[in-house]
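Ligands are counted one by one from 1 in listed order, and the atoms in each one are counted from 1 as well. For the numbers below, each heavy atom of this structure counts, side chains included, while hydrogens, waters and symmetry mates do not. All values derive from a computational prediction rather than experimental measurement.
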Amino acid sequence: MAGITLHLQGVSRIYHRGQEEVRALQDVTLTLRPGELTLILGPSGGGKSTLLHVLGGMDRPDAGRIIADSTDVTALSPDRLAQWRRRTVGFIFQNFYLLPGTSALDNVGLPLLLDGQRGGARRTRARRLLEGLGLGDRLSFIPAELSGGQIQRVAIARALAQDPPLILADEPTGNLDTASGRDIMLRLAALAHDEGRTVVVVSHNQEFETLADRVVRIRDGHVESESGSEGGGPAPETVPLTTRVSGPSVFSLIASSVRSLNRRRGRSLFTSLGVTIGVASMVLLVSLGAGLQARVLNVFEASTSLTTITVTSQQTTPGLSLSPTIRSGTGHPINAHAVEMFRRLPHVRAAYGVSEFLGSARVGDASTTAIITNLAPRNVTGASRPQVLAGSLPTAARPGIVLPKSVAMSLFHVSSGRLSAVIGRTMRMTLEGTVGSLGITGPAGASPSVRVVVRGVTGGSAEPIGYVNQALAGEWLTRLTGAHRQVAYGSADVIAGSTQDVSAIASKLKAEGYGVTTAQSVIQQVHHTFGVIETALGVVGGIALTVAGIMIGVVMSMAVLERRREIGVWRALGARRGDIFILFLVEAVLIGVAGGIIGDALGWGLGVLGAALLHHPGLFVVPRWLLALGIGFGGGVGAVAGSVPANLAAALRPVDALRAE
Ligand code: ADP
Ligand code: MG
């Protein structure tokens with residue numbers, strides 16, 4: 001491996017601390033050559049580290065130029081400078097700065113990862129380097145498990161990972177015992193003398209002077225003296241670089257984020273706690289809303305039969321109808337034939353004719369006018385039926401009538417406490433006609449008079465309507481219309497298979513020219529109301545998620561501060577700003593997604609537990625989209641909350657990050 005010739009021409013670096021100016025480097029002109037070990041000596045604070053940072057492309061001089069072979073390093077774009085660091089410079093830091101909690105193998109492989117090399121090739125190269133330095137049996141050890149001398153050798157292996165022509169070491173022996181210090185100096189000298197690299201070592205240890213080809217003394221930012229120099233000579237012409245800038249694969253960055261999260265498992269889980277709580281409450285609240293809605297619909301269906309469609313002879317014309325039940329005009333008659341047709345429509349569970357009779361009821365000298373209608377046939381499920389206070393509903397086997405409580409009390413002269421006394425009694429009815437959508441139809445001849453047995457008493461409803469069983473209604477209808485006229489019902493009830501089928505059946509009937517009334521509007525109202533409730537509950541969950549996002553942001557920002565040193569190492573080894581941004585953003589997104597998954601599970605679990613404790617199975621309904629939404633929200637919150645600290649991390653300058661304590 002050939003070295004590289006570095007020309008420093010009038011390089012200055014000035015730091016500003018408030019009003020104060022610190023001239024860390026002043027007009028430094030130097031030439032460094034391949035195959036030479038240059039030792040930089042000088043008092044603390046003299047500018048040695050600054051010189052090394054500027055040489056290694058980690059910091060930019062405020063004035064002057066650095067030319068490496070034919071490249072003007074000072075003119076490189078940030079990303080190109082990152083690549084230059086990655087491929088040209090092997091840096092050995094004063095404290096070695098290995099990534100904590102990361103194996104020796106992965107530490108050495110990091111510069112290769114940053115250059116886009118694949119995992120297999122990375123590990124092979126890293127293993128060979130570590131074996132060459134006698135660390136073949138320590139590959140999976142993390143820095144905390146290695147001795148000082150071993151850490152130092154891992155750092156050398158990492159500096160050599162990309163086989164760079166320039167090796168820079170900042171006081172590499174500072175924290176080592178004499179033997180280890182000597183060992184590292186000999187290795188560094190060999191890199192120059194045996195391999196022809198350009199090696200620059202900062203030290204304050206005079207005894208290493210004998211190993212060096214040149215000694216440069218620096219004080220107060222000035223080159224104080226220079227030994228072994230053969231003169232700078234003119235800098236060569238520079239050529240701008242045009243090749244594409246390489247970088248790590250996004251996949252390897254994601255893998256690094258995952259490893260980093262895994263190293264800080266406890267803290268990562270803690271950070272995701274906010275999202276977990278937010279998502280869990282969202283899942284819990286929205287599923288409670290969905291569960292309540294289902295329950296309310298169930299209750300409605302049990303009592304008001306949301307599946308019933310009332311079919312009349314003609315379509316209701318707004319403004320023309322006199323009342324919902326009494327209309328005049330013409331239309332399709334609802335007879336046995338029509339009812340049979342309704343029954344055969346798709347998704348129809350049952351259909352039956354409904355007749356409404358007008359008449360007068362008489363018991364002894366008491367009489368009253370009455371409206372009587374027929375019950376749904378006994379075998380029809382899903383139809384609404386009146387609730388009886390006493391007795392039972394009449395059937396074909398026990399034909400008869402159910403009277404409203406008020407009618408029963410006045411006809412039979414009983415008190416409300418003795419309603420059962422009317423069961424089995426007989427009353428006489430004079431039938432005056434039927435009410436239908438075609439109007440009131442009178443009897444064919446004289447008003448027929450019929451005897452009917454009272455089977456039950458209804459309450460609750462304010463409507464003075466009595467109910468007879470279907471077969472009895474059929475008999476009455478025949479007697480009213482006479483055998484010669486076709487029997488037509490007033491209307492028909494069509495029972496849909498489920499509430500979802502109601503609107504399709506209703507529109508089909510409308511298309512056929514019938515008038516249709518459904519409880520669909522009630523269903524829609526219920527859906528609408530619960531839509532509002534669920535949205536409100538979702539907003540509460542959303543607020544919880546926002547708080548969670550702030551929490552992620554704060555914890556991640558703290559992590560950025562805490563991990564500045566680590567960021568500095570990544571940047572010094574050649575990570576671009578964008579790479580650091582992705583690294584931290586992916587961490588935040590993964591924390592959010594993890595919070596989403598755990599929150600989903602927690603919300604679901606609490607729902608199951610709550611339903612069991614309250615003995616209300618199905619109280620919480622968790623649709624699959626809600627779980628997907630929880631995870632999506634988690635990731636989104638992570639991305640939004642993480643972008644600020646990720647930017648903060650990416651904006652850190654390598655030197656500042658490294659100097660952070
Ligand atoms: P050495 O490595 O020789 O001990 P440095 O190169 O680290 O010295 O520092 C040279 C001078 O620049 C010192 O006075 C130091 O305080 C100052 N300096 C270094 N970095 C910064 C910085 N980021 N901001 C302000 N002053 C700095
Ligand atoms: Mg220093």
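The pair Asp163-Arg197 counts as a salt bridge, with a side-chain nitrogen and a carboxylate oxygen less than 4.0 angstrom apart.
Each protein N/O/S atom under 2.8 Å from the Mg ion (ligand 2) was counted, for a total of 1.
By the 6.0 Å and 45° rule, Arg138 stacks over the aromatic ring of Phe141.
Backbone and side-chain nitrogen or oxygen atoms of Ser49 are examined, and one is located within less than 3.5 angstrom of a nitrogen or oxygen of ligand 1. Residue contacts with ligand 1: Val22 is placed with no nitrogen or oxygen under 3.5 Å of a nitrogen or oxygen of the ligand (distance criterion only).
The nearest protein atom to atom 12 (O) of ligand 1, hydrogens excluded, is given as Ala24 CB, 3.5 Å; this is a heavy-atom distance. Among all protein heavy atoms, the one lying closest to atom 5 (P) of ligand 1 is Thr50 OG1, 3.6 Å. Of all protein heavy atoms, the one lying nearest to atom 27 (C) of ligand 1 is Tyr15 CD1, 3.3 Å.
For the 3.5 Å distance criterion, the side chains of Asp79 and Ser77 fail to qualify, holding no donor opposite an acceptor. Judged purely by distance below 3.5 Å, without hydrogens or angles, the side chains of Asp27 and His222 never pair a donor atom with an acceptor atom. A donor-acceptor contact under 3.5 angstrom links the side chains of Asn262 and Arg265, judged on distance only.
Pairs engaging residues 4-14 under the salt bridge (Lys or Arg N to Asp or Glu O under 4.0 Å) rule: Arg13-Asp59, Arg13-Asp62 [sequence neighbours left out].
Of the candidates Gly42, Gly221, Gly45, Gly45 brings a heavy atom nearest to atom 10 (C) of ligand 1.
Counting only distance, with no hydrogens or angles, the side chain of Ser227 and the backbone of Val215 share a donor-acceptor pair below 3.5 Å.
When each of Ile67, Thr88, Leu55 is checked for a side-chain contact (heavy atoms from CB on, under 4.5 Å) with Leu6, only Leu55 meets the rule. For the side-chain contact (heavy atoms from CB on, under 4.5 Å) with Phe93, the qualifying choice from Leu98, Asp170, Leu658 is Leu658, the only one to do so.
Atom 15 (C) of ligand 1 is never approached by the protein to below 4.0 angstrom, counting heavy atoms only. Closer than 4.0 Å to atom 20 (N) of ligand 1 lies at least one heavy atom of the protein.
Looking at heavy atoms from C-beta onward, Ile218 lies in side-chain contact with Leu51 at the 4.5 angstrom threshold.
Of the heavy atoms in His16, none comes closer than 4.0 Å to ligand 1.
Legend: residues meeting side chain to side chain contact (heavy atoms under 4.5 Å, CB included) with Ile142, ordered by chain and number and at least two apart, are Ala144, Glu145.
Taking every non-hydrogen atom of Ser44 and a distance limit under 4.0 Å, the qualifying atoms of ligand 1 come out as 4 (O). Taking every heavy atom of Lys48 and a limit of under 4.0 angstrom, the matching atoms of ligand 1 come to 1 (P), 2 (O), 3 (O), 4 (O), 6 (O), 8 (O). In the vicinity of Arg17, heavy-atom distances shorter than 4.0 Å reach the ligand 1 atoms 25 (C), 26 (N).
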Table please: side-chain donor-acceptor pairs of residues 581-588 below 3.5 Å, with sequence neighbours left out.
from, atom 1, to, atom 2, distance (Å)
Glu587, OE1, Arg563, NH1, 3.2
Glu587, OE2, Ser260, OG, 2.6
Glu587, OE2, Arg563, NH2, 2.8

